[in-house]
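What follows is a single structure, written as structure tokens, with notes after it.
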There are 2 protein chains.
Amino acid sequence: MLSHTEENYLKALLKLSFESKSEEAGTNELAANLAVKPATATDMLKKLKEKGLVDYEKYGKISLTAVGKTSAIDIVRKHRLWETFLYSTLEFTWDEVHEVAEQLEHIQSAKLIDKLDKFLNYPQFDPHGDPIPNQKGEIKTQFKKTLAEIAAGKACRMVAVKDNSKSFLQYVVKVGLGLHHDIKVLTRQEYDALMEIKVNGIKSSITQKFAENIYVVCSNCAAGKPCTETIDCKQ
Amino acid sequence: MLSHTEENYLKALLKLSFESKSEEAGTNELAANLAVKPATATDMLKKLKEKGLVDYEKYGKISLTAVGKTSAIDIVRKHRLWETFLYSTLEFTWDEVHEVAEQLEHIQSAKLIDKLDKFLNYPQFDPHGDPIPNQKGEIKTQFKKTLAEIAAGKACRMVAVKDNSKSFLQYVVKVGLGLHHDIKVLTRQEYDALMEIKVNGIKSSITQKFAENIYVVCSNCAAGKPCTETIDCKQ
DNA sequence: AAAATTTGTTAGACTAGTCTAACTTTAATA
DNA sequence: TATTAAAGTTAGACTAGTCTAACAAATTTT
Ligand SMILES: [Mn+2]
Ligand SMILES: [Mn+2]
Ligand SMILES: [Mn+2]
Ligand SMILES: [Mn+2]
């Protein structure tokens with residue numbers, strides 16, 4: 001049985017493993033992610049190593065063991081299913097769900113999660129477009145680009161967000177954007193990459209920083225036609 | 001902000017206050033209820049007193065302050081709404097809900113509970129027949145008797161259970177009983193109060209201990225007719 | 001009323017999780 | 001390569017919550 005705190009460390013390590021191609025993390029990075037001091041993280045890493053959940057040697061890089069990864073994915077599954085429940089069933093907005101799901105993800109009951117999954121009709125993605133791991137712990141990886149990579153004149157469809165912060169999510173709505181919205185890139189400035197886009201007939205100017213936090217697939221893939229990009233967006 | 005543990009102490013004190021007419025509790029009693037040692041309860045009582053949640057003097061009786069009671073009722077509200085959700089929406093059985101609700105009741109989000117309440121269509125009673133406090137903290141008290149008090153030859157309807165343990169709840173189902181079932185008391189032995197009852201045409205023998213844990217209202221009240229008992233069952 | 005029992009408190013210790021301050025190792029850079 | 005900077009660890013301390021063992025107060029019984 002894992003404590004609340006241990007679960008949060010595993011989840012943070014999983015997140016960091018997705019963010020680095022080596023699938024490894026550092027102590028400071030981990031500590032920053034959990035809003036604790038590095039000394040605290042070191043202590044916990046010793047415990048998690050002892051429990052066989054992480055691979056870790058003093059002064060070395062950190063990675064999850066198979067067992068640790070399975071636990072971490074299970075927590076992510078719970079988090080995203082709860083977010084989906086809050087959004088779809090209880091009509092929370094997409095910027096409200098994360099905070100509550102952070103608590104709900106620690107509820108221990110396999111039956112609860114399976115029943116919830118069934119009730120929600122086995123959703124594939126959460127309200128932020130992130131994939132929901134299935135019962136086996138498999139995660140559907142969707143190939144996607146950021147809006148910042150889309151050339152002027154091209155069209156695409158928004159499928160997820162990178163930044164999950166309340167302020168960003170509210171800003172996205174304010175600009176008239178949202179998941180599954182079609183976006184036309186009108187112009188892009190050479191100097192600072194400021195883009196002009198059109199969504200539902202409305203034009204907006206967005207910065208590069210903003211565009212880098214919006215995930216899209218190319219217009220053809222979104223429409224179910226053969227992909228015209230080098231990667232298959234929907235693979 | 002109350003900790004998980006503090007909330008459990010308040011909830012236990014509320015429960016004990018309902019069980020004694022003086023609405024007071026003792027340290028040992030409290031400790032037993034929470035499965036901790038009396039020394040532990042004493043320590044916590046000092047803290048709760050400090051926070052203004054309980055009235056307590058060394059070697060004296062314990063009671064909740066108005067603030068403490070409000071918090072405790074809020075936790076009970078959450079517990080019972082979650083039990084209702086698990087039972088009605090996710091199809092848990094009535095002996096499975098309590099354990100999970102013990103965890104869910106600590107989730108901090110007023111919005112979540114209000115939305116859940118609305119989603120469930122403002123239920124009045126949980127799967128065990130216990131009243132769900134409303135948003136204002138008001139609890140509907142239903143006048144009811146135990147099955148053990150019903151005379152031979154009389155009919156009644158089951159409205160709640162006293163014992164919430166898994167084993168009792170499963171036993172109730174096995175006997176063919178359940179909430180809202182009509183019960184006819186056929187016989188009662190003078191010697192040991194063993195009762196014979198009929199439910200849905202099926203006869204069963206039940207002990208006094210069992211009967212004391214089943215709450216009923218008299219047949220007339222159940223049918224919406226004037227009450228024939230000294231108290232108004234449905235008051 | 002005295003003795004015995006029950007009830008409740010205190011003192012001291014332990015674990016989980018956190019911190020600060022000092023220190024060590026590794027990596028980067030001059 | 002020697003120095004500096006960054007990353008990571010250790011030591012010691014703190015809080016919340018728990019325990020045991022010894023003690024004190026209140027209640028019940030004789
Ligand atoms: Mn989230
Ligand atoms: Mn999400
Ligand atoms: Mn319950
Ligand atoms: Mn209940």
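FYI, side chains are in, hydrogens and waters are out, and symmetry mates aren't considered; it's all heavy atoms of this structure.
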How long is the line joining [atom1] of [X] and [atom2] of [N], in whole Å?
X: B:E50; N: D:dA16; atom1: CD; atom2: P; value: 12 Å
X: A:N28; N: C:dC19; atom1: CG; atom2: P; value: 13 Å
X: A:L30; N: D:dA7; atom1: CG; atom2: C1'; value: 13 Å
X: A:K58; N: C:dT24; atom1: NZ; atom2: P; value: 11 Å
X: B:E29; N: C:dT6; atom1: CD; atom2: C1'; value: 13 Å
X: A:E24; N: D:dG8; atom1: CD; atom2: C1'; value: 15 Å
X: A:L2; N: C:dA16; atom1: CG; atom2: P; value: 13 Å
X: B:E6; N: D:dT15; atom1: CD; atom2: P; value: 15 Å

Considering heavy-atom distances to DNA chain C, does A:V36 or B:K61 have its closest nucleotide positioned more toward the 5' end?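 Per heavy-atom nearest nucleotide, the more 5' residue is B:K61.
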
Counting only side-chain nitrogens and oxygens, does B:K46 get under 4.0 Å of the OP1 or OP2 atom of C:dT10?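 Yes.
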
Gap separating the NZ atom of B:K115 from the CG atom of A:L90, nearest 0.5 angstrom: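 One gets 7.5 Å once the value is rounded to the nearest 0.5 Å.
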
Looking at CG of B:L112 and CZ of A:F85, how far apart are the two atoms once the value is rounded to the nearest 0.5 Å?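 Reported value, rounded in 0.5 Å steps: 7.5 Å.
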
Would you say A:E6 and A:M44 make side-chain contact, with heavy atoms under 4.5 Å?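 SC-SC contact between A:E6 and A:M44 confirmed.
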
Min side-chain heavy-atom separation A:Y56-A:T42 under 4.5 Å: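 Heavy-atom side-chain distance check passes, below 4.5 Å.
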
Side chain of [X]: nearest nucleotide among [options]?
X: B:A39; options: C:dT9, C:dT18, D:dT20; answer: D:dT20
X: B:T42; options: C:dT18, C:dT9, D:dT9; answer: C:dT9
X: A:Y9; options: D:dA25, C:dT18, D:dG8; answer: C:dT18
X: B:Y59; options: D:dT18, C:dT18, C:dT9; answer: C:dT9
X: A:T5; options: C:dT18, D:dT9, D:dC19; answer: C:dT18

Atom NZ of A:K209: over 12 foreign heavy atoms under 6.0 Å: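 Open.
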
NA contact type, B:T27, heavy-atom cut-off 4.0 Å: base, sugar-phosphate, or nothing?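 Sugar-phosphate, backbone atoms only, no base.
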
